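Computed over heavy atoms, backbone and side chain alike; hydrogens, waters and symmetry mates excluded. Just so you know, residue 1 is the first one in the sequence shown, and it goes up from there. Start at 1 and go down the list; that is how both ligands and their atoms are numbered. As the structure is a computational prediction, the values presented were derived from the model and not from experiment.
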Amino acid sequence: MGIIVQKFGGTSVADADKILAAARKAIRTQQQGHQVVMVVSAMGKNTDVLVDLAGQLTSKPPAREMDMLLSTGEQVSVALMAMAINELGSKAVSLTGGQIGIKTDSSHTKARIQSISTERLRKHLDDGHIVIAAGFQGIDEDFNITTLGRGGSDTTAVALAAVLQADACEIYTDVDGVFTTDPRIVAEARKMDRVSHDEILELASMGAGVMHSRSIEFGKKFGVPIHVCNSASFSDEPGTVIDLLPESIDRPVSGVALTKNEAWISLANVPDQPGTMDTLFSKLGGVNVAVDMIVQNVGKGGKAEVSFTVLESDLPATLNAVNDVANELGDIEITSEANVSKVSIVGLGMATQTGVADRMFRAFADEGINILAITTSQIKVSALVRREQAMQALRAVHSEFQLDKPPKDRVSFGDKSAAVQPPSPIDVVARLQRMEDLTIDDIQLDESQGRITVSHVPDTPGIAAEIFEAVAAENIMVDMIVQGTGRDGMANISFTVPKESVSAATEVVRPVAANLECGPVTHDKQIAILSVFGIGIRTHTGVGVRMFQALSRTGINVEMVSSSEMRVNVVVSADRGQAGLKALQAAFDDVIG
Ligand code: ASP
Ligand code: MG
């Protein structure tokens with residue numbers, strides 16, 4: 001008999017009728033022959049009400065007491081749910097996080113799960129109970145109640161599904177599923193039948209609207225398929241399944257996302273030598289600023305330009321930290337721009353297709369949208385644009401990749417042939433020792449690529465489009481793309497292609513660049529790409545720091561960087577590739593999964 005975990009969000013348990021409807025759903029599932037674990041959130045906006053109450057007493061509530069307070073919301077829901085199920089004639093037992101044995105660290109209000117014991121849960125299930133678990137909470141070593149951060153019930157649900165090796169984890173919420181983009185911005189957004197964990201993670205800003213991103217990280221780590229459905233239409237609407245496979249294998253792009261409130265910081269005159277990136281990112285890690293799109297362009301005359309984005313709200317703290325670093329490193333010029341947004345296209349399919357990025361750039365060019373920066377990962381291309389053009393940019397790419405229409409080659413459910421196999425039960429148990437730790441899936445050295453750089457790219461729309469269309473017309477597969485606009489409004493665009501295509505790509509790009517009044521086009525086959533990728537790169541700051549530290553201690557200069565939610569790529573010179581790989585393997589030794 002399989003276990004099904006069903007999670008009901010706040011809106012799905014907002015009043016007595018909704019609680020009864022959820023109870024009936026769970027009972028039906030049990031009657032179909034499953035063991036059922038329900039995870040419930042606080043009723044309606046109860047958590048907000050509690051936060052507000054605390055705020056009326058103090059502007060700095062002690063974190064421990066905040067957790068004591070907020071955990072009561074879920075305690076109300078589990079008790080009422082158990083009563084409802086009893087009333088409907090079935091057996092149920094409600095349990096708090098502590099009673100289940102959800103052990104967390106002691107970082108109140110944002111605790112991370114360390115382990116979950118399953119004994120008590122299993123005993124109740126075997127006795128025929130529906131177990132109702134309070135979401136969002138756990139207990140630390142000293143029996144203090146902790147909470148997992150706002151929206152954390154999703155994480156409780158997926159974590160329970162993982163430890164119980166449940167057949168399914170169903171998330172009942174007030175939306176119909178996961179959409180190709182935010183339907184509030186793009187009316188044509190379409191509900192996807194399915195989407196892969198990887199895509200959702202790279203679409204972070206969008207996934208966040210639907211699910212707690214840590215819960216998706218769990219889902220991926222433990223191979224848990226997550227079924228998101230609308231509780232208003234229980235059995236009839238299929239919702240979206242988040243699993244190993246995308247909706248379509250042929251389609252290059254599955255979804256597009258907008259991160260609206262970003263800021264861009266650019267450092268010019270940075271010494272192009274080992275240790276610089278380390279100094280900079282250690283500092284930012286130290287003040288807890290999460291850095292997104294990192295772009296370092298090829299240096300000229302011993303100087304490089306390093307740029308990156310942070311959330312706009314982190315800009316003041318970032319500028320403070322960067323000013324300190326600038327003093328340490330000498331004569332560095334800092335510029336920043338607050339009104340920018342990041343638009344990303346994401347799809348597992350793009351990892352194996354040519355001519356994807358250029359379509360995004362063309363869609364922007366046709367709308368007269370200028371691109372300030374570009375970064376890529378295997379399954380994502382992100383472009384930074386001015387905020388007033390961001391919505392238009394999002395609509396343009398959504399329409400370019402025809403995301404409003406269902407794909408023709410939908411992957412059938414249950415077809416896992418092309419997917420990575422989920423970890424075996426033994427692995428799951430082993431990995432549970434480190435429940436929410438950062439897991440680095442792999443560190444790779446790619447010596448197959450060469451780099452082409454177009455210098456002095458004028459700050460006008462359409463240039464990236466022309467360059468990458470020319471490359472795509474030759475059927476050349478582009479891997480990494482990096483563009484960053486510096487203080488003089490000039491950008492460099494660098495990209496990598498297979499070594500054997502470097503000459504061909506350089507030849508097609510040269511006349512295009514000359515026509516567009518760019519500077520010289522150069523190429524370099526003597527490069528190596530080092531990539532660190534894994535789960536939790538986004539929610540654990542410090543991956544970049546560790547990476548740059550390891551390289552700097554080995555005396556390796558970072559020539560180019562490009563990062564995404566799940567991956568950091570750096571380019572180093574070819575003769576340092578092997579040494580770099582060793583240094584990174586040693587640096588991440590404790591977290592390689
Ligand atoms: N009740 C908590 C919150 O509102 C946890 C959750 O709903 O997932 O954030
Ligand atoms: Mg919620």
Can you name the atoms of ligand 1, numbered from 1 with element, that are less than 4.0 Å from a heavy atom of [X]?
X    : result
G151 : 3 (C), 5 (C), 6 (C), 8 (O), 9 (O)
S153 : 5 (C), 6 (C), 7 (O), 8 (O)
S41  : 6 (C), 7 (O), 8 (O)
R150 : 3 (C), 4 (O), 9 (O)

**OP:** Please confirm whether the backbone N or O of R184 pairs with a side-chain atom of D182, one donor and one acceptor, at under 3.5 Å?
**Re:** yes

**OP:** State whether the shortest distance between N or O atoms of D154 and N or O atoms of ligand 1 falls below 3.5 angstrom.
**Re:** no

Original post:
What about E74: any of its N or O atoms under 3.5 Å from an N or O on ligand 1?
Top reply: yes

Original post:
Among H34, Q6, E170, whose side chain to side chain donor-acceptor pair (under 3.5 Å) with T29 holds?
Top reply: Q6

**OP:** Ignoring hydrogens and angles, state whether a donor on the side chain of D105 or S107 is under 3.5 Å from an acceptor on the partner side chain.
**Re:** yes

Original post:
With no hydrogens and no angle check, do the side chains of D126 and Q35 hold a donor and an acceptor under 3.5 Å apart?
Top reply: yes

Original post:
Taking the non-hydrogen atoms of G9, is any one of them nearer than 4.0 angstrom to ligand 1?
Top reply: no

**OP:** Please confirm whether G10 comes under 4.0 Å of ligand 1, counting heavy atoms of the residue only.
**Re:** no

**OP:** For atom CD of Q392, decide whether the heavy atoms of other residues, nucleotides or ligands shown that lie under 6.0 angstrom number more than 12.
**Re:** yes

Original post:
Parallel, tilted or perpendicular for Y172 and F8, by the 30°/60° rule?
Top reply: parallel

